[in-house]
*Asks:* 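A single structure is presented below for examination.
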2 protein chains.
Amino acid sequence: MPELLDAMGLGKASFYNAFASKHAAFLTVLDCYFSAVDHVLARALEGVKNRDEAAACLLDAILTVARDPEGRTVWRGCLIGNTALEMGARDETVRNRLNQGVRLLRRHFAKALSLADSDGRVLPDSAVSALALHAVAGIQGILVLAKAGMLEEELRAAKQTLLLTLKASPLI
Amino acid sequence: MPELLDAMGLGKASFYNAFASKHAAFLTVLDCYFSAVDHVLARALEGVKNRDEAAACLLDAILTVARDPEGRTVWRGCLIGNTALEMGARDETVRNRLNQGVRLLRRHFAKALSLADSDGRVLPDSAVSALALHAVAGIQGILVLAKAGMLEEELRAAKQTLLLTLKASPLI
DNA sequence: GACATACTGGAACAAATGGTCTATTACTCC
DNA sequence: GGAGTAATAGACCATTTGTTCCAGTATGTC
């Protein structure tokens with residue numbers, strides 16, 4: 001709490017004047033995060049016309065967001081995943097919000113994966129939907145491994161494999 | 001803490017008599033968890049001779065462990081992932097232990113994926129290694145989604161897609 | 001049964017938590 | 001510039017945190 005107030009440059013009174021409770025504030029933070037991520041991912045896809053490239057861009061964008069710029073630790077992770085594992089199981093309100101977040105990620109991946117590949121081929125909707133979900137689970141998993149202290153090199157390999165499985169999509 | 005002591009049927013004194021600190025106790029818990037998971041996964045692979053089947057068995061075993069049997073919440077998740085996101089970024093000791101856990105999971109998947117498929121074909125080591133990592137990231141990701149409140153049905157679909165990407169391994 | 005040793009319940013501890021209250025400051029509008 | 005409102009700093013509060021201490025009770029040994 002002191003850390004939070006300090007970062008916000010706010011006293012307790014002001015904080016509780018602005019938010020009903022810590023919990024309520026956190027819900028607002030989640031919403032903020034969602035729209036920030038929405039914006040970042042939309043921008044990452046701007047101008048990209050190739051399916052594989054689009055998927056790669058999204059993965060990179062998410063990994064960039066998940067990397068702590070201040071360098072207090074190497075990885076800050078994704079607020080959706082972090083929150084899910086820390087309080088998702090207990091707090092239904094949070095869980096519902098997280099669902100929105102997951103759908104948001106999935107939507108972006110679906111958009112990316114519905115582009116034509118370099119040969120001009122387009123995937124059927126069912127494959128797009130399934131692979132988008134696979135991609136979301138995939139990066140969330142990679143972020144878990146990142147926070148578990150896995151080496152950058154291996155994380156890159158994991159990302160690469162995930163990407164390949166997305167390309168191998170005709171099989172789905 | 002009271003919850004913990006209650007579950008252990010221990011008083012504070014006894015607890016601090018047995019463990020140097022809460023933190024130390026948690027490290028022991030992690031080790032316990034690892035060996036339990038090791039045992040469960042080894043058993044899940046017993047007698048399975050087919051690569052695809054083996055991968056499916058491992059995924060199912062992990063999902064079973066991750067499902068809360070007492071039903072306080074639907075998903076308790078995997079202690080490795082839970083811990084990674086909750087304290088992995090800050091606590092180096094924990095992070096090192098988690099690394100062992102991840103390697104353990106990966107080892108089991110590598111073992112499963114190095115089996116021959118139904119046509120008797122075996123994957124090259126590089127593919128086994130890459131896919132094992134992909135599988136570990138994949139289930140951890142699925143567990144994140146589970147805790148984020150995703151519907152069983154979708155989780156099943158995610159598992160299915162992950163399995164398919166593991167089968168599509170000749171492409172890797 | 002006597003005695004040392006190990007265990008345990010519960011009081012006590014300091015520090016931190018989320019949250020409230022009040023007294024004062026800053027701002028706005030006339 | 002003064003009245004009325006909003007924002008704020010900081011004291012205060014109850015509760016909970018992790019941990020220690022002590023006094024009492026089992027436990028085992030001879």
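Keep in mind the model is a prediction, meaning the values are calculated, not measured. Heavy atoms only: backbone and side chains are in, while hydrogens, waters and symmetry mates are out.
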*Asks:* Kindly state each residue pair satisfying ring-ring contact (aromatic ring centres under 6.0 Å, His included) with at least one member in residues 78-98 of chain B, sequence neighbours excluded.
*Replies:*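 Qualifying pairs, neighbours excluded: none.
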*Asks:* Extract all donor-acceptor atom pairs below 3.5 Å that involve side chains of residues 53-67 of chain A and protein atoms in other chains or at least two apart in sequence.
*Replies:*
residue	atom	partner	partner atom	Å
D60(A)	OD1	K159(A)	NZ	2.7
T64(A)	OG1	D60(A)	O	2.8
R67(A)	NH2	E152(A)	OE1	2.8
R67(A)	NH2	E152(A)	OE2	2.7

*Asks:* Do V122(B) and V128(B) have side chains that get closer than 4.5 Å, going by heavy atoms?
*Replies:*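 SC-SC contact between V122(B) and V128(B) ruled out.
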*Asks:* Which pairs of donor and acceptor atoms, one on a side chain in residues 130-148 of chain B, lie under 3.5 Å apart (sequence neighbours left out)?
*Replies:*
residue	atom	partner	partner atom	Å
H134(B)	NE2	T165(B)	OG1	3.2
K147(B)	NZ	R76(B)	O	3.1

*Asks:* Counting neighbours of CD on E92(B) that are heavy atoms of other residues, nucleotides or ligands and sit closer than 6.0 Å, is the number greater than 12?
*Replies:*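 Open: at most 12 neighbouring heavy atoms sit under 6.0 Å from CD of E92(B).
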*Asks:* Name the first nucleotide and the last nucleotide along DNA chain D (5' to 3') that come under 4.0 Å of a heavy atom in chain A.
*Replies:*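 Going 5' to 3' along DNA chain D, contacts run dA7(D) to dG10(D).
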*Asks:* Taking protein heavy atoms under 4.0 Å as touching, what does nucleotides 5-21 of chain C look like 5' to 3' if B marks base contact, S marks sugar-phosphate-only contact and - marks none?
*Replies:* ---BBB------SBBBB
*Asks:* Report whether L151(B) and L155(B) are members of the same hydrophobic cluster (ILVMFWY, side-chain heavy atoms less than 4.5 Å apart, transitive linking).
*Replies:*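 Looking at the clustering, L155(B) is in a separate group from L151(B).
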*Asks:* Output all residues satisfying side-chain hydrogen bond (donor to acceptor under 3.5 Å, both in side chains) with D31(A), sequence neighbours left out; order by chain, then residue number.
*Replies:*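 Expected list: R97(A).
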